[in-house]
J.: 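This is the structure I have questions about; it appears just below.
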Amino acid sequence: MKRPAVSNWARRHKDFPTPVRSGDTELFHEAEITRWLTDRTIPQSQLLEGEQAGTTFADRFRRTGGDRSSAVPRAVGSSTQRIGTEDKKAVDQLMGPLADRVRGPATMADFVNLCLIVMYARHAEPERWRRIEDVMSAGQGARDVQSLLRCLGDMAQDTLRRNGDRTDMRGSLLQLEPRSWDDLTTAVRTAAGTGAGAFQLVWESFSAREGLQSSEFCSPVGLASLSAALVLTPGLKTTVLDPYTRGGEMLAAAHHHIGGARETLYGETLDGRLQAVASLYLLHLGVRPKLTSTRSDRWPPNREHGVDVVLTNPPFNMSDAPGPGRRTGNWSYGSPPQGNDNFAWVQYVLGALVPDGRAVVVMPVKAGNSVNAAEREIRRALVRRCAVECVITVPSHLFSATPVPVSLWVLRRAENPSREGILFVDAQELGTKVRRRRVLRDTDRDAITAVVRPWLDGERCPDSEYAVRAAERGFSAVVVAREVVADEGCSLRPADYLGSGTYGAAPTTAALLEAGDAVAERTDRLCAPERWARETGHGYRTGSGPGGWNEALLKDLCDIQPGPSYTRLPAAARTADAGVPLVFPQDLVDGRIVDETRDRVPWRTAERFKKFELLPDDIVCVRTGAQQQPALVSGTQAGWLLSSNVTRLRVLRDAEIDSLYLHAYLGLRYAREWMSNRAAATAAPSLSSAALGHLPVRFPPIGQQRLSMDLLGELDRHADAYASFVSALGRLRAELAEHLLHGSVEPL
């Protein structure tokens with residue numbers, strides 16, 4: 001459509017979606033456009049070839065590329081909604097100082113409720129959202145703050161009531177005490193301008209910021225997606241239960257994986273705040289879940305219905321059951337110990353399944369081999385009665401609020417078990433490090449399910465085949481007979497069968513061949529520097545050297561910029577989660593800046609500190625603290641900011657010196673001692689810009705500088721090649737030891 005047609009629709013129809021501004025462009029959310037077009041039938045005279053009478057504009061929109069999320073089942077794509085850079089910036093702004101200015105003495109949870117209801121209404125109820133926009137447009141200032149909060153609270157309350165949720169969201173929003181009308185409207189408009197994927201980002205940011213307890217933090221999206229993929233089939237009508245719903249992540253993953261409205265989702269919760277979050281999150285996705293509170297009876301002995309699948313992430317190593325608690329439960333595998341509900345949850349989950357129904361339960365790794373006698377006997381009963389099909393250890397540090405390592409227990413209410421063994425999988429090495437966490441990507445999910453799903457689906461092949469498939473995908477697996485597992489400690493910890501004392505399948509030759517190839521490849525690389533010297537004629541010789549050398553003070557060659565003062569950028573202005581990285585002295589390592597810095601500042605804050613940003617080939621020196629080798633800024637670090645304790649050097653355009661040469665010169669023992677001797681002798685040595693500017697620098701003509709840097713750079717590459725060669729040899733040695741001591745190869 002051209003812009004005039006869109007403008008005409010917006011003018012003639014009051015319910016036409018409201019655009020979102022992105023820079024100088026106005027954009028529309030696809031879901032809103034699809035919803036608006038659904039009731040508009042294409043006139044007979046305008047039908048295209050192949051379109052039948054009654055076709056709507058929404059049908060054409062989907063077919064021609066719009067509404068991609070509706071046209072393609074989510075299960076075949078990414079497990080998460082797309083979160084763009086602008087959304088990350090917006091959430092970082094919301095969860096930074098702005099949150100404190102808006103909430104006042106209220107809790108952070110109350111502010112998060114504000115963000116979530118705004119995001120939900122903006123995307124899912126555009127007509128109601130127009131009323132909020134009218135209130136903001138008519139607002140005059142501080143006296144209208146409560147009016148806007150009441151309007152938002154009434155909308156939230158009505159939305160939740162209509163969907164069976166009795167949470168007092170209105171009361172939560174009225175706890176907020178914004179410092180100003182502008183702060184409140186800024187927060188509301190920022191939340192409203194985000195995309196659909198930002199909803200989950202707000203909740204994850206809240207979990208990380210508040211350091212929530214095991215009963216509160218959200219389930220990582222990658223972990224929830226893997227859980228759903230293990231036991232759900234896209235397009236197959238299924239009933240799914242999460243008896244500890246948290247923020248709705250498991251049920252959302254089930255909805256994404258099944259691919260639409262063919263599922264019935266049930267959820268139970270003890271926490272009214274989390275119930276409201278789950279309700280809004282799932283409604284945000286277009287799902288109407290059936291959420292109930294079980295606060296009156298944590299372990300109801302008789303359920304109203306059984307379900308096909310249970311996906312859940314219960315609280316770890318806790319007992320939060322109110323009232324009679326565990327005494328009312330049905331413990332057919334053994335009574336759980338007091339003070340720890342891990343095995344109460346496992347039995348409650350199994351009791352919720354229909355015959356042959358399956359469950360995936362997130363469990364702490366130590367629950368698999370705990371020494372508590374009651375827990376050990378429950379594990380033995382689970383194994384002997386064929387309730388455990390598979391146990392998967394996933395990477396640690398998946399959760400934003402805790403590094404605790406976890407496993408996925410795949411359970412089945414078995415009527416006629418088809419397997420005599422249990423599949424144990426150790427996937428701890430998968431995942432991608434993102435700042436302080438690890439994240440399970442879609443590729444990790446697909447690798448694990450490619451091994452586990454055939455086992456669960458009853459594929460007939462040798463048990464050793466699962467170990468081979470796992471090794472090809474970068475992790476380990478082994479099938480262990482149930483009678484072996486049930487012996488002695490009855491461990492359900494994969495490492496106990498894949499590590500010391502118990503052999504699984506023999507090591508695969510593929511890994512050994514790969515390690516050997518890596519050594520051969522790195523051996524060839526060791527010859528590259530010699531070939532380079534012969535082919536280019538580069539090298540060195542002793543002597544007096546060429547003429548034409550110059551000497552200048554550093555201040556005449558560089559712009560010297562110290563970092564901002566601590567009062568301008570105090571610790572309170574920093575964040576560890578999102579924003580622009582700050583460079584501190586401890587980040588300067590071996591002449592480089594580490595890729596993972598500890599502290600950041602929000603994007604909005606960083607905009608005020610453009611003077612202190614870094615560009616490629618800038619040089620960073622220590623300003624306050626022990627002197628060490630200056631670092632060169634790489635291309636990926638452009639835009640990072642100086643902290644108060646470092647100084648930036650940027651070569652002047654008319655200076656006849658190469659930045660790489662200057663960086664190498666400043667790393668010389670002479671230059672570093674010069675800087676150390678001139679640092680002010682205080683409690684923390686401090687080198688002022690004025691003092692640093694008087695450092696004498698000697699340099700030859702620019703061509704000679706670059707030849708010198710080429711030679712030193714090649715030697716660096718040679719050293720790296722040797723280090724890589726040594727690493728490859730170590731890997732080959734470790735892999736060969738596995739084969740030699742397992743008996744799968746023999747020495748010649």
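Nothing here was measured: the structure is a model prediction, and the numbers come from that model.
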J.: Applying side chain to side chain contact (heavy atoms under 4.5 Å, CB included), run through Val697 and Leu553 and close with a yes or a no.
T.: CA-CA 6 Å; Val697 180; Leu553 296 181; over 6 Å; no
J.: Using side-chain heavy atoms (C-beta onward) and a distance below 4.5 Å, is Asp559 in contact with Arg648?
T.: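 Side chain of Asp559 against side chain of Arg648, heavy atoms only: contact under 4.5 Å found.
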J.: Identify the heavy atoms of Ala253 and Ala224 that sit nearest to each other, and give their distance.
T.: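 So the minimum-distance heavy-atom pair works out to CB-O, 3.4 Å.
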J.: What do you reckon, is CD of Glu429 surrounded by more than 12 foreign heavy atoms closer than 6.0 Å?
T.: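 No, CD of Glu429 has 12 or fewer neighbouring heavy atoms, counting only those of other groups under 6.0 Å.
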J.: Could you tell me whether a side-chain N or O of Ser476 sits under 3.5 Å from a main-chain N or O of Asp426, the two making a donor and an acceptor?
T.: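 Flag not set: sc Ser476 to bb Asp426 has no pair under 3.5 Å.
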J.: Are side-chain heavy atoms of Leu614 and Leu641 found at a separation under 4.5 Å?
T.: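 Result no, sub-4.5 Å side-chain heavy-atom pair not found.
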J.: Would you name the heavy atoms of Leu642 and Gly563 that are closest together and state the gap between them?
T.: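 Looking at all heavy atoms of both residues, the closest pair is CB-CA, 3.9 Å.
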J.: Can you name the closest pair of heavy atoms from Arg672 and Gly667 and give their distance?
T.: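 It is CD-O, 3.3 Å.
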J.: Go through it in stages, so that I can follow the logic: the residues are Ser180 and Asp183, the test is side-chain hydrogen bond (donor to acceptor under 3.5 Å, both in side chains), and I'd like the CA-CA distance, side-chain angles, deciding distance and then a yes or no.
T.: CA-CA 5 Å; Ser180 69; Asp183 283 339; 3.3 Å; yes
J.: So Ser643 and Tyr566, do their side chains get closer than 4.5 Å, heavy atoms only?
T.: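 Of all side-chain heavy-atom pairs linking Ser643 with Tyr566, none is under 4.5 Å.
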J.: Looking at side-chain heavy atoms only, is the closest gap between Arg698 and Asn550 below 4.5 Å?
T.: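 SC-SC contact between Arg698 and Asn550 ruled out.
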J.: Starting at OG of Ser708, measure out to CG of Leu660 and round the result to the nearest 0.5 Å.
T.: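 Rounded to the nearest 0.5 Å, the OG-CG separation comes out at 11.5 Å.
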J.: From Lys555 NZ over to Leu692 CG, what is the distance, rounded to the nearest 0.5 angstrom?
T.: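 Here the rounded value is 11.5 Å.
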J.: What are the two closest non-hydrogen atoms of Gln628 and Pro585, and how far apart are they?
T.: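 That closest heavy-atom pairing would be NE2-O, 3.1 Å.
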J.: Between CG of Asn113 and CD of Gln175, what distance do you get to the nearest 0.5 Å?
T.: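 Rounded to the nearest 0.5 Å, the CG-CD separation comes to 11.0 Å.
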J.: Could you check if a side-chain atom of Thr186 sits within less than 4.5 angstrom of a side-chain atom of Gln93, using non-hydrogen atoms only?
T.: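 Yes. Closest side-chain heavy atoms under 4.5 Å.
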J.: Run the side chain to side chain contact (heavy atoms under 4.5 Å, CB included) test against Gln637 and tell me which residues pass, sequence neighbours left out.
T.: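 Here the qualifying residues are Ile593, Asp595, Val633, Ser634, Trp640.
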J.: Counting distance only, does the side-chain N/O of Thr605 pair as donor-acceptor with the main-chain N or O of Val601 below 3.5 Å?
T.: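 No, the answer is negative, given that no donor and acceptor are paired below the 3.5 Å cut-off.
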J.: Please list, chain by chain and in numerical order, all residues satisfying side chain to side chain contact (heavy atoms under 4.5 Å, CB included) with Ala552, sequence neighbours excluded.
T.: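 Partners of Ala552 by the side chain to side chain contact (heavy atoms under 4.5 Å, CB included) criterion, ordered by chain and then number, come out as Leu557, Phe699.
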J.: Does some side-chain heavy atom of Asn645 sit less than 4.5 Å from a side-chain heavy atom of Val622?
T.: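 A side-chain contact under 4.5 Å is absent here.
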J.: Have Arg445 and Ser225 got a donor and an acceptor in their side chains that come within less than 3.5 Å?
T.: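 Arg445 vs Ser225: donor-acceptor pair found between side chains.
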J.: Could you go through the side chain to side chain contact (heavy atoms under 4.5 Å, CB included) check for Arg650 and Leu615 one step at a time?
T.: CA-CA 9 Å; Arg650 182 172 293 164; Leu615 296 178; 3.4 Å; yes
J.: What's the spacing between Leu408 CG and Thr393 OG1 if we round to 0.5 Å?
T.: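 Reported to 0.5 Å precision, the distance equals 9.0 Å.
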J.: Distance from Asp658 atom CG to Leu707 atom CG, nearest 0.5 Å?
T.: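 It is 11.0 Å, given to the nearest 0.5 Å.
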J.: Once rounded to the nearest 0.5 Å, what's the spacing between atom CZ of Arg592 and atom CD of Gln629?
T.: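 Those atoms lie 9.0 Å apart.
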J.: Is there a side chain to side chain contact (heavy atoms under 4.5 Å, CB included) between Arg623 and Leu687? Walk through the geometry before answering.
T.: CA-CA 5 Å; Arg623 176 187 181 190; Leu687 181 63; 5.8 Å; no
J.: Ignoring hydrogens, what is the shortest heavy-atom contact between Ala99 and Leu94? Give both atom names and the distance.
T.: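 Minimum heavy-atom contact is CB-O, 3.2 Å.
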J.: Does Ser727 reach the main-chain N or O of Ala723 with its side chain, forming a donor-acceptor pair under 3.5 Å?
T.: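 No; zero donor-acceptor contacts below 3.5 Å.
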J.: Could you tell me whether the side chain of Arg493 reaches within less than 4.5 Å of the side chain of Lys366, counting heavy atoms only?
T.: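 Side-chain contact under 4.5 Å: no.
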J.: Any side-chain heavy-atom pair from Leu430 and Val394 closer than 4.5 angstrom?
T.: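 Not in contact.
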J.: Measure from the side-chain N and O atoms of Asp587 to the backbone N and O of Phe584, and report whether any donor-acceptor pair falls under 3.5 Å.
T.: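 Pair found, side chain donor or acceptor close to backbone of Phe584.
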J.: Identify the two heavy atoms, one from Ala606 and one from Val580, that lie closest to each other, and give their separation to 0.1 Å.
T.: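 In terms of heavy atoms, the two residues are closest at CB-CG2, 3.6 Å.
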J.: Let me see the working for Tyr670 and Leu695 under side chain to side chain contact (heavy atoms under 4.5 Å, CB included), right down to the final yes or no.
T.: CA-CA 10 Å; Tyr670 149 74; Leu695 171 66; 4.1 Å; yes
J.: Where the side chain of Arg568 meets the backbone of Pro564, is there a donor-acceptor pair that is under 3.5 Å apart?
T.: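 Judged by distance alone, no pair lies under 3.5 Å.
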J.: Identify the residue among Ile619, Leu588, Asp618 that makes a side chain to side chain contact (heavy atoms under 4.5 Å, CB included) with Leu632.
T.: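 When side chain to side chain contact (heavy atoms under 4.5 Å, CB included) is applied between Leu632 and each of Ile619, Leu588, Asp618, only Ile619 qualifies.
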J.: Angle between ring planes, Phe609 versus Phe612, binned at 30° and 60°: parallel, tilted or perpendicular?
T.: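 Judged by the thresholds at 30° and 60°, the geometry between Phe609 and Phe612 is tilted.
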J.: I'd like to know if the side chain of Gln705 and the backbone of Glu656 have a donor-acceptor N/O pair within less than 3.5 Å.
T.: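 Yes: the side chain of Gln705 pairs with the backbone of Glu656.
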